[in-house]
Structure formats: structure tokens, C-alpha cells
Amino acid sequence: MGERKFLWGVATSAFQIEGSPFADWATWDERLRAHPDVTHHYHLYKEDLKLLKEIGVNAYRFSIEWSRIQPAQDRWDDMALGRYLEIVRILREEQIEPVITLHHFTHPRWFLEKFPWHREESILKFAEYVKHIVEAFGEVRYWITFNEPNVLLLGGYLDGCMPPGVKDQTSYVHANVNLLLAHAEAYDILHGRNAQAEVGLAQNMAVFAPYRSWSPLDRFLARVAHRYYNLSLLEAIRIGRLRLRFPIFKKIEVDLPLRGKLDFIGVNYYTRIHLQFNPFCRMGVALRYEDREGNGLTDMGWEIYPRGLEQVLREASTFGLPVMITENGIATADRRKKDWYIKSHLDILEGCLKKGMDIRGYFYWSLMDHYEWLKGMDARFGLYRVDFETLERKATPVAKFYSFLIKRRSGTFLL
Ligand code: FCB
């Protein structure tokens, strides 16, 4: 393989900057009533894409909003499809590599009402959508089938904090299986159209630590959470068998035709979580974000823990596939905190590359402020600040700093 550029990028997801009247989340979260189009990126995208050039990234991770492409089960919207094609065309013109996420948490409402992931037909419906996309976008090289399937499954089918709001173990297990099979279908469809395609998942990975280091129960929980949350889906694809051994489950093992259906692992890394055994909490565990190293917490309440990036990259690397940091970022309006967050994580990344880990890219989350799933409009992750009333985008000083950091490193990160 010839020389390949390290991908320096920023990431967004369609719904979080565009909204969509046809999506499940549009009616799920009342806060969106005041801002249904969020940043109005749906119409302002050409201006927003110029910001990429301004920063100087060579890659852009974005998602296609399924509910805009297929607003009703029997209706495909060509205009919506054309707009996403236009985004790819503009990126190509600017020599920015598109990395497309097919599914980033949201669904068309009709899909979730009739074919939620715990129903087997979900696989077929998702495959129809993927075929439709792939016919139009076939030559795109980098694809992410699902963003954070672990979060989607836990939030949607066990904890109930995300659509469809189910809290049921059996549904959760079925959803797990169907979603993995849908990933495998998408993998085959993408490769059928373009043998050069590189198809990954973006996995949310956290560092889990015992709240009380002396407590065997806290230590046990941290180990289980790590194996289960960080690794179980990736392991299922590697060995072709889904094994769920979370303490609350009976042991579940199911063979699935998944083996080898992954070309790279996307890692979304944000924080470390301390776990405390507590019989009064759901599932017997309290999740805590602690500022144990004095780096501070983000506006999400998350610990800033740069060293954890190396830990999760090491874990992801054990699967023997290239790794890409598909998200890493901080919600804060404090410029110095944001500067430090980015710089310290990039330093860790540089160290990992020097140690020989096969890491292909880094995507800062996020290009601009957006709607944040469980938090609304107050979590300022953006390199560009968005005024949600006037829709003005304003470069934060951090945008320049990120530009500077990646320019300085881009010469050295040739693979
Ligand atoms: C990740 C999601 C992304 C964004 C960040 C903060 O879990 O993939 O959409 O909300 O968290």
C-alpha cells in the first residue's frame, strides 16, 4: 500500500446540527421544540464546510440522517440524498476525505415504531437504506456503520434514556444481535459496491476504575464494565460469537456470521468513570466522575483524563485492526481548559504513534456547537461557537489552536 496520510479531522453528526422533523429524537426531547433545526446546518452547510478549510483539516466525519433520506417507509427523498452528495463533492474539491457514518443514534420515526432493533425485520430495513446510500456514494472510501452501538443499545433497550425507551433485558439481547447482524449486512453491501471500502464501527470506550481501590467489589465492577462495555461487541465481530456475561444476565452465547466484518476500529474517547458497588442503585452500581488528578471536569461533568486515551487505544489495538480516533472532545466555554484538553490528548496520541500503534486518524468532536443528546443546547463542544438565536458561527480561539497543532504534526504523521 502506498503512502497514506494521517487523517486530521473534525466530526459531527447530522441530527445534532441539522435536526430532522422525521426523526425519533425530534419528538423524544421536548427541548428540541424551541430549536427543531438546531444550527440550521441543513441549509447553511455550504458556509459551514468552509470552516473545515479554515481549520485546515484533511478529513471530515459526518453522518447521513436516515430519516431525511427515507422520511416514510415508502418514500425516498432524492433532494435530501442530493444534498449529502453535494457535501461529498465539495469535500473532494477541497481535498478533504469524507468519513461517512450511516447511523448516528437517530432513526426515522416509522422505523422505530414498526421495526425497532429488537425486531428481526430491523436488519432488512436498515439494509434497504444502506443499499440506497451505497448506490449513490459508492466510491467513498471510509464508512462507519454504527456510531456507539454500545451506547445506543444500553440507552435504548436497557436503561430507556434514549429512543425507543425500552427497559427490558430480553429486548436488549435481541437488539444486540440484530444490530450486529445489520452491521455485517452493511459491511457486505459496502464491499460489494467498492472493494476498496474501509468499514468500521465507532465504539465508545471509557476507562473504568474502582471508586474505592481497596474494594474487591468495586474492582470487580470496573473489570466487568470494561470487558462488557468496551470490548464485547468488538469481540463478537472478531470471533463470530456474542457473549454477554454481565452479572445481571444469565450467560448468553450466540454464534453469528460476523467474523472479519470490520476493517478498522473507531474509538470515541472522552473520560474515565469510577464505579462503586451500591445495592440501592440500578444494577447495583453507582457511576461517578471524579476529578482525581486535578485536571478538572467538563461541562458534561466528565473527568478530564488524557492518559486514558492510551489505555483505550491499547485495548482497541489488541484486535489486530487499524484504529481511528473518531471522536475526542470537551464541552466547555473555558478556552484554556479546551486548549489543554486537546493538546494533552494529542500528546498522548503522538506517544502512541511513536510506540508503533497503528492509528490512522484523529477527529475532534466537534466542528461546531450542537444539540447534545441528554444535555440539550448548553454543552459547548464546538471549535466554532454557535449562537442558536442568530445562527451566527464564531471561531473560538481553540479553532486556531487546533489548526496550529495539526499543522505542526501533519508532517510527522505519515503512515
Ligand atoms: C458521543 C456521541 C456524540 C456526542 C458526544 C459528546 O457519545 O457519539 O454524538 O454527543 O458523545
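Atoms within a ligand are numbered from 1 in the order they appear, just like the ligands themselves. Fair warning: this is a prediction, and the values are worked out from it, not measured in the lab.
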Does Asn147 approach ligand 1 within less than 4.0 angstrom via side chain, backbone, both or neither, non-hydrogen atoms only?
-> side chain
Residue [X] vicinity, atoms of ligand 1 by number, heavy atom under 4.0 Å:
X      : value
His104 : 2 (C), 3 (C), 8 (O), 9 (O)
Trp373 : 3 (C), 9 (O), 10 (O)
Glu372 : 4 (C), 6 (C), 10 (O)
Phe381 : 6 (C)

Closest non-hydrogen atom pair between Tyr402 and Gly9, with its separation | OH-O, 2.7 Å
Closest non-hydrogen atom pair between Trp110 and Gln70, with its separation | NE1-O, 2.8 Å
min-distance protein heavy atom vs atom 3 (C) of ligand 1 -> Glu327 OE1, 3.4 Å
What residue and heavy atom of the protein are closest to atom 5 (C) of ligand 1, and at what distance?
-> Tyr270 OH, 3.3 Å
Is Ser13 in polar range of ligand 1, meaning some N or O pair under 3.5 Å apart?
-> no
Check whether the side chains of Asn295 and Tyr341 place a donor and an acceptor atom closer than 3.5 Å, and report yes or no.
-> no
Would Trp365 and Phe363 satisfy ring-ring contact (aromatic ring centres under 6.0 Å, His included), going step by step from the backbone distance to the final call?
-> CA-CA 6 Å; Trp365 181 274; Phe363 291 80; over 10 Å; no
Which word best sums up how the rings of His103 and Phe146 line up, parallel for under 30°, tilted for 30 to 60°, or perpendicular for over 60°?
-> tilted
Is there a donor-acceptor pair under 3.5 Å between the side chain of Arg68 and the backbone N or O of Glu18?
-> yes
Are any of the heavy atoms in His370 under 4.0 Å away from ligand 1?
-> no
Check the pair Phe15 / His104 against ring-ring contact (aromatic ring centres under 6.0 Å, His included), numbers first and verdict last.
-> CA-CA 8 Å; Phe15 186 82; His104 196 123; over 10 Å; no
In terms of its nearest heavy atom to atom 7 (O) of ligand 1, the top option of Lys375, Gln16, Glu148 is Glu148
